[in-house]
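This report concerns only the one structure given below.
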Amino acid sequence: MGLTIKTDIFKEMVSRSIKGASQNKLIPLTGLMAIQLKEDTLTLITTDASNYLYIKQNNVVGDEFYVVVQTEQFSKLVGKMTCENISLEVDNGILNVKGNGEY
C-alpha cells in the first residue's frame with residue numbers, strides 16, 4: 001500500500017496541516033496527523049481538540065491506506081526532503097517514507 005506525490009505539493013499540504021494541530025501536551029490527540037488516501041484523494045487531518053482541519057489533494061494515484069503519525073516529527077522529516085517525489089508506503093502497520101535515498 002502506498003503512493004508517490006510531488007515533494008513541493010506534499011510539503012505545502014503538511015505545512016498547512018500542522019496549523020490545525022495545537023500540540024497541547026495534555027491532549028495527545030492534538031499532536032497527531034492522520035494521512036489517508038481514499039478514492040484518489042489524499043487527506044491530511046489534524047485537530048486542536050475542538051476543531052478539525054482537513055487538507056485534501058485530488059488525483060493522487062496509489063493504494064488506499066490510513067495511517068497516523070506524530071505531527072511535529074513528521075513535518076520536520078518532510079521539510080528536509082529535497083527530492084522531486086516522496087513515496088509513502090504502509091507495510092505491516094509501519095509507514096515508510098522514501099525521498100532522499102532509501103527508506
Side-chain angles (χ1 to χ4, degrees):
M1 294 186 285
L3 68 94
T4 300
I5 188 169
K6 294 275 187 199
T7 300
D8 295 338
I9 294 170
F10 195 63
K11 278 185 177 182
E12 177 65 25
M13 289 179 70
V14 170
S15 70
R16 290 174 54 206
S17 180
I18 61 173
K19 293 177 183 174
S22 63
Q23 307 275 344
N24 185 340
K25 301 294 183 201
L26 298 175
I27 307 172
L29 180 64
T30 63
L32 301 175
M33 176 188 302
I35 303 170
Q36 177 182 23
L37 181 63
K38 186 175 183 180
E39 299 174 0
D40 294 335
T41 300
L42 178 63
T43 308
L44 304 181
I45 307 165
T46 53
T47 186
D48 64 0
S50 60
N51 301 300
Y52 288 84
L53 178 62
Y54 293 79
I55 305 296
K56 295 186 177 199
Q57 178 69 37
N58 295 324
N59 302 320
V60 177
V61 179
D63 300 323
E64 294 189 3
F65 70 90
Y66 185 89
V67 66
V68 178
V69 296
Q70 292 287 331
T71 304
E72 186 176 349
Q73 185 178 17
F74 188 72
S75 66
K76 287 179 182 178
L77 173 67
V78 171
K80 292 181 181 182
M81 297 290 184
T82 59
C83 54
E84 184 177 349
N85 295 310
I86 292 179
S87 296
L88 303 177
E89 295 181 7
V90 178
D91 185 29
N92 294 323
I94 298 170
L95 177 65
N96 295 312
V97 181
K98 183 178 178 184
N100 299 349
E102 295 299 319
Y103 295 111

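Here the shortest heavy-atom pairing between Ala34 and Tyr66 reads CB-OH, 3.4 Å. In this structure, Ile55 and Met13 approach most closely via the heavy-atom pair O-CE, 3.8 Å. Counting all heavy atoms, side chain and backbone alike, Ser87 lies closest to Thr4 at OG-OG1, 3.1 Å. When all heavy atoms of Met81 and Lys11 are compared, the closest pair comes out as O-NZ, 2.6 Å.
The shortest distance between side-chain heavy atoms of Gln70 and Leu32 falls below 4.5 Å. Residues Glu64 and Glu39 are in side-chain contact: their nearest non-hydrogen atoms beyond the backbone lie under 4.5 Å apart. Contact check for Arg16 versus Leu53: no side-chain heavy atoms found under the 4.5 Å cut-off. Annotation: side chain of Val60 is not in contact with side chain of Asp40 (no heavy-atom distance under 4.5 Å). The closest side-chain heavy-atom distance from Val97 to Ile86 is below 4.5 Å.
In this structure, Thr30 contributes its side chain and Thr47 its backbone to no donor-acceptor pair below 3.5 Å.
Between the OG atom in Ser75 and the CG atom in Leu44 there is a gap of 11.5 Å [rounded to 0.5 Å]. The distance from atom OG1 of Thr43 to atom CG of Leu37, rounded to the nearest 0.5 Å, is 8.0 Å. Atoms OG1 and CD1, on Thr46 and Ile18 in that order, are 9.0 Å from each other to the nearest 0.5 Å. One distance of note links OG1 of Thr71 with CD of Gln23; it measures 5.0 Å at 0.5 Å rounding. Rounded to the nearest 0.5 Å, atoms NZ (Lys56) and CD1 (Ile45) are 8.0 Å apart. Atom CD of Glu12 and atom CD1 of Ile9 lie 10.0 Å apart (nearest 0.5 Å).
Taking a 6.0 Å sphere around CG of Asn59, one finds it holds 12 or fewer heavy atoms contributed by other residues, nucleotides or ligands.
Of the candidates Thr7, Val14, Asp8, Phe10 forms a side chain to side chain contact (heavy atoms under 4.5 Å, CB included) with just one, namely Val14.
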For this session: Would you sort out whether Lys6 and Asn85 count as a side chain to side chain contact (heavy atoms under 4.5 Å, CB included), showing the intermediate values?
Result: CA-CA 4 Å; Lys6 294 275 187 199; Asn85 295 310; 3.6 Å; yes

